[in-house]
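Scroll down for the structure; my scribbles are underneath it.
As the structure is a computational prediction, the values presented were derived from the model and not from experiment. To find a chain, count down the sequence lines: A is the first, B the second, and so on, and within it residues start at 1.
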Amino acid sequence: MRTTQFPLNTVKETPADAEIASHQLMIRAGLIRKLAAGLYSWLPLGLRVLRKVEKITREEMEKAGALEVLMPALQPAELWQETGRWEQYGPELARLKDRHDRDFCLGPTHEEIITDLARNEIKSYKQLPITYYQVQTKFRDEIRPRFGVMRSREFIMKDAYSFHLDQDSLQATYDVMYQAYTNIFNHLGLKFRAVIADSGSIGGAVSHEFHVLADSGEDAIAFSTESDYAANVEQAAALPPQSLRLSPSEELDKIATPGQKSISEVSEFLGVTPQKILKTLAIIQTVKTAMNEDTEVFWLLYLRGDHELNEVKAHKILGEFRFATDEEIEGKLNCRPGYIGPPVKNSGQVINGLADHSAIAMSDFVCGANDPGFHLKGCNWESDFLIVSIADISERQVADIRKVVEGDPSPDGKGEITLARGIEVGHIFQLGSKYSAAMKAGVINEGGKNQIMLMGCYGIGISRVVAAAIEQNHDDKGIIWPANLAPFQVALCPMNMHKSERLKVASEQLYQDLQAAGIEVLFDDRKVRAGFMFSDMELIGIPHCIIVGDRGLDTGTVEYKGRTAQENIEIPFADIIDFLKAKLV
RNA sequence: CGGGGCGUAGCGCAGCUUGGUAGCGCACUUGUCUGGGGGACAAGGGGUCGCAGGUUCAAAUCCUGUCGUCCCGACCA
């Protein structure tokens, strides 16, 4: 391709509304243009990259035995009503009516559609297992679209769905897909982790997220320094402390801490580390009574001062809950937030308490005195509070409810936890029968009986992968494309070609030769100055650059520069094709 | 949904306080020079100042409404 026929549309200035590097660079390099909030057009250069992601994804899907289909983006409400998601899905679901006033939505996902397709097309167990996939535009009416195509309202997704007679078959395909995803991200040349994940609202049990590692990622993931354990921080288990609780050595003492409310304030005021301060959170749990009515129960949650509550874990134990309001805390404890703590033994108060493992292992600690302006020091669980001894702790009183922190032991016993940020680009689920049961998608089994199929689903955010790749691979000059994502492999940059006929001839010949060698080359035949040319090629992230000039023609050489190299190297003109071919393997 | 910011040329911005002929940089067009890291000079083209009302002799500027857009908000004991 020649730049005179393939406009680059680069811009020097950073767009005002782009926050993160990938968004800024995608605009500056001329990959995308914004149409409206969360809606982007792909320019020719960006589309080439997008197509590469699609191509690699398709190759691996085909290898995994998946069959490509294409389902409508516009979907009738009836199918969504069958699974109940028409009501469950919030305003994120882009709903609309057709001219006959019938309800439709723009699909954010295609479980309903594929399940409908499968129940009509698959009749016998002999046709199973089967996996369909598609590359389609999806719509989510995000509350707050941001970060360019990273979180947009319209985006391209590869989604695959598998159908099975039994769990073993589902597990087998899931494993194949797991491997296919690993292959895809390896081929894309991205640093990634597959992490154990919460399957969230889509339902089902087993689930992994694939994260591209990048400091600006929205998700925190925890992984082991020594094993391949990796989990979403929400999911990562914090093991109980191994060391035993130290025996009490201090007497309970009430001290004035006027105006000191937060852990950090109290820590500084009293000169104790946050590890020695108990953090007490007040929540209101919602439970169903025997009459099936909602009733509210007040709880105190105890954490070590340097830890944070993991709400996902707490919800698993307590079900529905919310944080108590200041008024509710006042009403129950006669105390303002900032000074609350576990009720002391002789207070006569009995309040439901749930402590984290590491909180119950504390001794001689500081906590709120349930008296505004006062804390207690020298606190010890058994001697001073109603909470039971460590010997007979029950599930309801002590559990893992905190977020893991760096340095925690890995849950699999190997190594320590390290935290990293990731961008979720893929997610695989074992859905089980959630959709197939709701939509009565069954086959005739070996015994001649109808049997509901099991399903798996597997998604990759194609457009998000492009942004994630940039987020992970860029410098102050621009994008640094991994080899398999680059819109072009090689930039051919002649110096002042318009002034030298022999350079023009040589450049044109080299351009032809590179193309003949099967190399994707971008020939910069614009009449622009050298610096302008180099800056453009670096901004758009072409991995390899060939510079040809009269100087080199005199000595029979061309110059080569890798995208991140500091120095140019001279290559004999005759060797350049072989040299590049070796680079491109 | 709450709080805040911003809508002026393709992009980035000034002008608004204190109403009086719409400006700057980049980009674009033409020409001359220049020619290995986003050139210089000269001459150009391009804007219903988001939209709708209102105040005024006069509104980008003041008032009201409206739309768009961006940021912040979900860990506080």
Inset, instruction - Classify the nucleic acid contact of A/R146 as base, sugar-phosphate or nothing, counting any heavy atom under 4.0 Å across all strands shown. - result: sugar-phosphate

Inset, instruction - Tell me what A/I263 touches on the nucleic acid: a base, only sugar-phosphate, or nothing, going by heavy atoms under 4.0 Å. - result: sugar-phosphate

Inset, instruction - Remember a base hit wins even if backbone is also touched, and classify A/D17 as base, sugar-phosphate or nothing at under 4.0 Å, heavy atoms. - result: sugar-phosphate

Inset, instruction - Among the candidates B/A77, B/G36, B/C11, find the nucleotide nearest to the side-chain atoms of A/S262. - result: B/A77

Inset, instruction - Using the C1' atom on both, measure B/C16 against B/A60 and round to a whole Å. - result: 7 Å

Legend entry - Donor-acceptor contact below 3.5 Å, side chain A/T3 vs main chain A/D525: yes

Legend entry - A/E265 CD: over 12 foreign heavy atoms closer than 6.0 Å: yes

Legend entry - Pair of N/O donor and acceptor under 3.5 Å linking B/G36 base with A/N496 side chain: no

Legend entry - Residue closer to the 5' end of RNA chain B, A/L278 versus A/K12 (nearest nucleotide): A/K12

Inset, instruction - Report which part of the nucleic acid A/I340 touches: base, sugar-phosphate, or nothing (heavy-atom distance under 4.0 Å, all strands). - result: sugar-phosphate

Legend entry - Separation of the P atoms in B/U18 and B/A74, to the nearest angstrom: 38 Å

Inset, instruction - Counting Watson-Crick and G-U wobble pairs only, both distances under 3.5 Å, name the nucleotide matched with B/G7, or none. - result: B/C67

Inset, instruction - For B/C6 and B/G12, measure between their P atoms and round to the nearest Å. - result: 16 Å

Inset, instruction - Spell out yes or no: do the side chain of A/K499 and the base of B/G35 have one donor N/O and one acceptor N/O closer than 3.5 Å? - result: yes

Legend entry - Side chains of A/S207 and A/H427, donor plus acceptor under 3.5 Å: yes

Inset, instruction - Using a heavy-atom cut-off of under 4.0 Å over every strand shown, decide if A/H498 touches base, sugar-phosphate, or nothing. - result: base

Inset, instruction - Could you tell me which nucleotide pairs with B/G47 by Watson-Crick or G-U wobble geometry, both distances under 3.5 Å, or answer none if nothing does? - result: none

Legend entry - Toward the 5' end of RNA chain B, by each residue's nearest nucleotide, A/P337 or A/T14: A/T14

Legend entry - Between B/C67 and B/U30 - C1' atom distance, rounded Å: 41 Å

Inset, instruction - Send over the distance from A/F269 CZ to B/A77 P, rounded to a whole Å. - result: 17 Å

Legend entry - Atom P, compared across B/G3 and B/G65: separation rounded to whole Å: 14 Å

Inset, instruction - Whole angstrom is fine here: how far is it from CZ in A/R151 over to P in B/C71? - result: 12 Å

Legend entry - Residue-phosphate contact under 4.0 Å: A/K34 side-chain N/O, B/C70 OP1/OP2: yes

Inset, instruction - Provide, to the nearest angstrom, the distance between the CZ atom belonging to A/F323 and the C1' atom belonging to B/C76. - result: 8 Å

Inset, instruction - In whole angstrom, give the distance that lies between atom CZ of A/F534 and atom P of B/G36. - result: 9 Å

Legend entry - Watson-Crick or G-U counterpart of B/U61, or none if no pair lies under 3.5 Å: none

Legend entry - B/G38 OP1/OP2 closer than 4.0 Å to side-chain N/O of A/R529: no

Legend entry - Nearest-Å distance once atom C1' is located in both B/A59 and B/A52: 15 Å

Legend entry - A/N9 CG to B/C28 P, straight-line distance once rounded to whole Å: 11 Å

Inset, instruction - Quick one: look up who B/C1 pairs with, Watson-Crick or G-U, both distances under 3.5 Å, and put none if it's unpaired. - result: B/G73

Inset, instruction - Go ahead and name the base partner of B/A40; Watson-Crick or wobble counts if both distances stay under 3.5 Å, otherwise write none. - result: B/U32

Inset, instruction - If the plane angle is over 60° it's perpendicular, under 30° parallel, otherwise tilted; pick one for A/H23 and A/Y40. - result: perpendicular

Inset, instruction - Describe the nucleic acid contact of A/Y339 in one word from base, sugar-phosphate, nothing, applying a heavy-atom distance below 4.0 Å. - result: sugar-phosphate

Inset, instruction - Give a yes or no on this: more than 12 heavy atoms of other residues, nucleotides or ligands lie within 6.0 Å of atom CG of A/N334. - result: no

Legend entry - d(NE2, A/H23; P, B/U69) in whole Å: 13 Å

Legend entry - Base-pairing mate for B/C24 - Watson-Crick or G-U, with both contacts under 3.5 Å: B/G12

Inset, instruction - Using the P atoms only, state how far B/C62 lies from B/U8, rounded to an integer number of Å. - result: 16 Å

Legend entry - Nearest-nucleotide pick for A/E13, side chain only, options being B/G37, B/U69, B/C11: B/C11

Legend entry - Counter-base of B/U56, judged by Watson-Crick or G-U geometry with both distances under 3.5 Å: none

Inset, instruction - With heavy atoms under 4.0 Å as the rule, sort A/G368 into base, sugar-phosphate or nothing. - result: nothing

Legend entry - Minimum side-chain heavy-atom gap A/E424-A/V195 below 4.5 Å: no

Legend entry - Partner nucleotide, any strand, of B/U17 [Watson-Crick/G-U, under 3.5 Å]: none

Inset, instruction - Provide, to the nearest angstrom, the distance between the CD atom belonging to A/E311 and the C1' atom belonging to B/A77. - result: 14 Å

Inset, instruction - Anything under 30° is parallel, anything over 60° is perpendicular, the rest tilted; go ahead and classify A/H315 against A/F321. - result: parallel

Inset, instruction - Answer yes or no: does atom CD of A/E268 have more than 12 heavy-atom neighbours from other residues, nucleotides or ligands under 6.0 Å? - result: no

Inset, instruction - Please work out if A/N568 contacts a base, only the sugar-phosphate, or nothing of the nucleic acid, heavy-atom cut-off 4.0 Å. - result: base

Inset, instruction - Using a 4.0 Å heavy-atom cut-off across all strands, classify A/E19 as base, sugar-phosphate, or nothing. - result: sugar-phosphate

Inset, instruction - Measure from the side-chain N and O atoms of A/R2 to the backbone N and O of A/D524, and report whether any donor-acceptor pair falls under 3.5 Å. - result: no

Inset, instruction - Give the rounded distance in Å between these two atoms: NZ of A/K527 and C1' of B/G31. - result: 11 Å

Legend entry - Whole-angstrom distance between B/C51 and B/G46, as gauged at atom C1': 22 Å

